[in-house]
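Beneath this line is the structure, given in structure tokens, with notes to follow.
In this text the structure is predicted, and so the values were computed from the model without any measurement. Note: hydrogens, waters and symmetry copies are ignored here, and every other heavy atom, side chains too, is used. Residue numbers begin at 1 in each chain, while the letters A, B, ... track the order of the sequences.
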2 protein chains.
Amino acid sequence: MIKLEALRVFVTVAESGNIKDAADAVGRTASAVSMTLKQLEDEIGGPLFQTDRKNSLTALGNLMLDLGREQIRSFDKSVSIMRAFAHSRIGSLSIASVPSVATNVLPPILQRFLQTRPQVQVELFDIDSAQVRRMVESGVADIGIAGESRTGGAVEFTPLFSDRFKLLCKDDHDLCRLERPVKWSDLNGATLIRNGASDRIEAADYKQLSALSLITVYNVTSLVAMVKAGLGLTILPSLTMHDAHEGVAALDLADATASRRVGLVERRDVPPSPVAAAFRAFALKEIPAIVAERLGT
Amino acid sequence: MIKLEALRVFVTVAESGNIKDAADAVGRTASAVSMTLKQLEDEIGGPLFQTDRKNSLTALGNLMLDLGREQIRSFDKSVSIMRAFAHSRIGSLSIASVPSVATNVLPPILQRFLQTRPQVQVELFDIDSAQVRRMVESGVADIGIAGESRTGGAVEFTPLFSDRFKLLCKDDHDLCRLERPVKWSDLNGATLIRNGASDRIEAADYKQLSALSLITVYNVTSLVAMVKAGLGLTILPSLTMHDAHEGVAALDLADATASRRVGLVERRDVPPSPVAAAFRAFALKEIPAIVAERLGT
DNA sequence: TATCAATTTCAGAAGAATTGAAGTGAGCGC
DNA sequence: GCGCTCACTTCAATTCTTCTGAAATTGATA
């Protein structure tokens, strides 16, 4: 069986024109190189050099030099691609994230993640928690970032951080003058605008209030606009409102249980690609810190 | 260093879905295959299979299967090209030959030579001895077939056959009634047409006759036409006149030294390509027999 | 023709791959 | 839930391959 290593030795000899230099170049003795060449000639079935001074090739030698060079080049390139992929320097990464994280947390995270991986291709989908789970489950996204839910079936949840809900209201609202965390009871009689995130709050008092609400808005920008326009108040995770909005105030809630847990969503059965695994580790290490900083904790 | 052989084992395992079958396929034990795989994973830097049941690949495994298959395919193809070339099943062969051999001898020779080498590309140049030597010397032709000459410099001559000269005259010429080989003295007073081949005859008697000749024709067809038209007689090698011409007769010459030696012309310093070497051996073995048959010896 | 350097040859040494047996662990039927 | 089975892995011994260093050979050069 002809080995690629033998071709490598042959090409080196053909290029240096003598065995001694080639032997130095490949880190063997001249006798080892000589034997390799002899064996190669036997296996191919013809002489590669015109004389045993290795400075001129036969027609067969020329052909083998061309083909051999190409094989070596192509093999080495393949191996380097394999290694780069294994070490997550290349590959593609599809992330599905809830908007609050996509907007407030992922930009610096991705920026730093890609700094050492300039060749990695990233796709980011900005969708709600339920769809995040669906995209991960179907394999469209490699990894998801979403609120916790009863971990059903194929996807697994790993918590990243907790995010307390706050009350969002016009900054001239009566509640702004309370100077203490808002209790659910403070909201009796107020008009509440529901949204996708706040529906996750389990507190019975909140559920009662929420049941009376007539408006539900899923898009955060629209929601804030509604509040600003004086249509009512709403409850949102802190991170969602991280960027201060003109004319609206974010008030702390007294109920410490009113918080969502945000974490990574991954398929349980399918192992992540190297890039996804690297991103997972990076996210677990870096996201909590970024969130803490953003929320001013 | 990653070896192509390791990729070969990996691809086999990935394709059979388990180690035992793959081990049978590559002719190793399962433990050898397992160790090869482990080593490959270490060198690449990541796992290739999802579990230690080898029936599902990781993303890295899939990449390596694709790249590995391609590398193996390409390497094997290169090796087979090298072998085919070494065994002269492929390659190109450029032959320069004097017309008499090109016309009368080479067709059946080449036909049989190529029968077992259908992929070999052949070029045939039909030119005079001096040009044959020049083409071989310059490397344009791999091998030449020409009359002998003082073997000068870079080319070497290997005799193939001898070819006696004959006298060519109109079939109603007086000489046709001699009923014995023609002597040089029989030609006194006759009009002789010189040609490229007959100029090689060394006999002093002939040289005298030839010196008196006023016409020289190099092309055989024209030469025969001249003879047929009654312009004179000429001296040509038997093989050149092998095909009988209407209205002209080819008479034996008494002078046994009036013959040319035809042989192979090759470069002395440059080794022949495998196809050229194969043709050389074939020609040395087959051409004398064909010539003997053609000349009815 | 003698000399010198490059190459080849050879036997032993070093290193790598392979084997067979024992061990591990996941999946499956009882 | 227990133990069986099958597939894979691990380990130490063995075998096979490749390498080395010394000596012999070869070819070029003076």
Side-chain angles (χ1 to χ4, degrees), chain A residues 1-44 46-58 60-61 64-65 68 72 75 79 154 268-271, chain B residues 1-58 60-61 64-65 68 72 79 154 268-271:
Chain A
M1 247 302 126
I2 289 168
K3 300 223 183 76
L4 193 62
E5 287 315 304
L7 283 187
R8 228 182 262 278
V9 168
F10 162 67
V11 168
T12 309
V13 174
E15 284 172 349
S16 39
N18 70 85
I19 284 193
K20 211 166 81 65
D21 293 351
D24 293 346
V26 300
R28 302 275 111 89
T29 56
S31 68
V33 171
S34 172
M35 286 169 123
T36 301
L37 246 35
K38 187 169 156 37
Q39 192 182 325
L40 189 60
E41 287 181 332
D42 288 350
E43 280 170 323
I44 286 293
L48 266 17
F49 295 91
Q50 293 190 13
T51 63
D52 54 8
R53 297 297 164 110
K54 311 302 186 190
N55 47 22
S56 49
L57 293 164
T58 59
L60 177 59
M64 287 200 39
L65 179 58
I72 291 165
F75 181 84
V79 169
R268 198 189 302 278
D269 51 345
V270 180
Chain B
M1 249 300 127
I2 288 169
K3 300 224 185 75
L4 192 63
E5 287 315 303
L7 284 188
R8 228 181 262 276
V9 168
F10 162 67
V11 168
T12 310
V13 174
E15 283 173 348
S16 38
N18 70 85
I19 283 192
K20 210 164 81 62
D21 292 353
D24 292 346
V26 300
R28 305 272 117 88
T29 58
S31 68
V33 171
S34 172
M35 286 170 123
T36 301
L37 246 36
K38 185 169 155 38
Q39 193 183 326
L40 189 60
E41 287 181 332
D42 288 350
E43 280 171 322
I44 286 293
L48 267 16
F49 295 91
Q50 293 188 12
T51 63
D52 54 7
R53 297 297 167 110
K54 310 300 187 191
N55 47 21
S56 49
L57 292 164
T58 59
L60 177 60
M64 287 201 36
L65 179 57
I72 291 165
V79 169
R268 197 188 301 279
D269 51 344
V270 180

Practice task
Have a look at Arg53(A) and say if it touches a base, only the backbone sugar-phosphate, or nothing, with a 4.0 Å heavy-atom cut-off.
Solution key: base

Handout entry: Main-chain N/O of Leu57(B) paired to Gln50(B) side chain as donor or acceptor, under 3.5 Å
Key = yes

Practice task
In whole angstrom, give the distance that lies between atom CG of Leu40(B) and atom C1' of dA17(C).
Solution key: 15 Å

Completion exercise
One should report the stems of DNA chain C, each a stretch of at least three consecutive Watson-Crick or G-U pairs at distances under 3.5 Å, as C:1-30 with D:1-30

Exercise for the section: Check whether any side-chain heavy atom of Asn18(A) lies under 4.5 Å from a side-chain heavy atom of Asn55(A), and answer yes or no. Expected result: no

Exercise for the section: Round to the nearest Å and state the distance from Asn55(B) atom CG to dA26(C) atom C1'. Expected result: 12 Å

Practice task
Find the distance Arg28(A):CZ to dT18(D):C1' and express it as a whole number of Å.
Solution key: 9 Å

Handout entry: Whole-Å gap separating P (dT20(D)) and CG (Asp24(A))
Key = 11 Å

Problem - All pairs passing salt bridge (Lys or Arg N to Asp or Glu O under 4.0 Å) where residues 15-24 of chain B contributes a residue, at least two apart - result: Glu15(B)-Arg69(B)

Fill in the blank from the handout: With sequence neighbours left out, the residues meeting side-chain hydrogen bond (donor to acceptor under 3.5 Å, both in side chains) with Thr29(A) are Ser31(A)

Handout entry: Closest heavy-atom pair and its distance - Ala25(B), Thr12(B)
Key = CB-CG2, 3.8 Å

Exercise for the section: Send over the distance from Met1(B) CE to dA16(C) P, rounded to a whole Å. Expected result: 14 Å

Practice task
For DNA chain D, find the residues of residues 3-11 of chain A with a heavy-atom distance under 4.0 Å and give them by number; none if there aren't any.
Solution key: Lys3(A)

Practice task
Could you state the atom-to-atom distance from CD of Gln39(B) to P of dT10(D) in whole Å?
Solution key: 13 Å

Fill in the blank from the handout: Applied to residues 12-40 of chain A, the ring-ring contact (aromatic ring centres under 6.0 Å, His included) test, sequence neighbours excluded, yields none

Problem - Results of side-chain hydrogen bond (donor to acceptor under 3.5 Å, both in side chains) for Glu5(A) - residues two or more places apart only - result: Arg8(A)

Exercise for the section: Starting at the 5' end of nucleotides 8-15 of chain C, put B wherever the base has a protein heavy atom under 4.0 Å, S where only the sugar-phosphate does, and a dash everywhere else. Expected result: BBBB----

Practice task
Could you tell me whether the side chain of Glu41(A) and the main chain of Leu48(A) form a donor-acceptor pair under 3.5 Å?
Solution key: yes

Problem - Donor-acceptor pair, side chain of Thr58(B) and main chain of Pro47(B), under 3.5 angstrom - result: yes

Practice task
Just jot down the salt bridge (Lys or Arg N to Asp or Glu O under 4.0 Å) partners of Glu43(B), sequence neighbours excluded, or say none.
Solution key: none

Practice task
Measure from CZ on Phe49(B) to C1' on dA7(D) and round the result to the nearest Å.
Solution key: 13 Å

Fill in the blank from the handout: Contacts of Phe49(A) meeting ring-ring contact (aromatic ring centres under 6.0 Å, His included) (sequence neighbours excluded), chain-then-number -> Phe10(A)

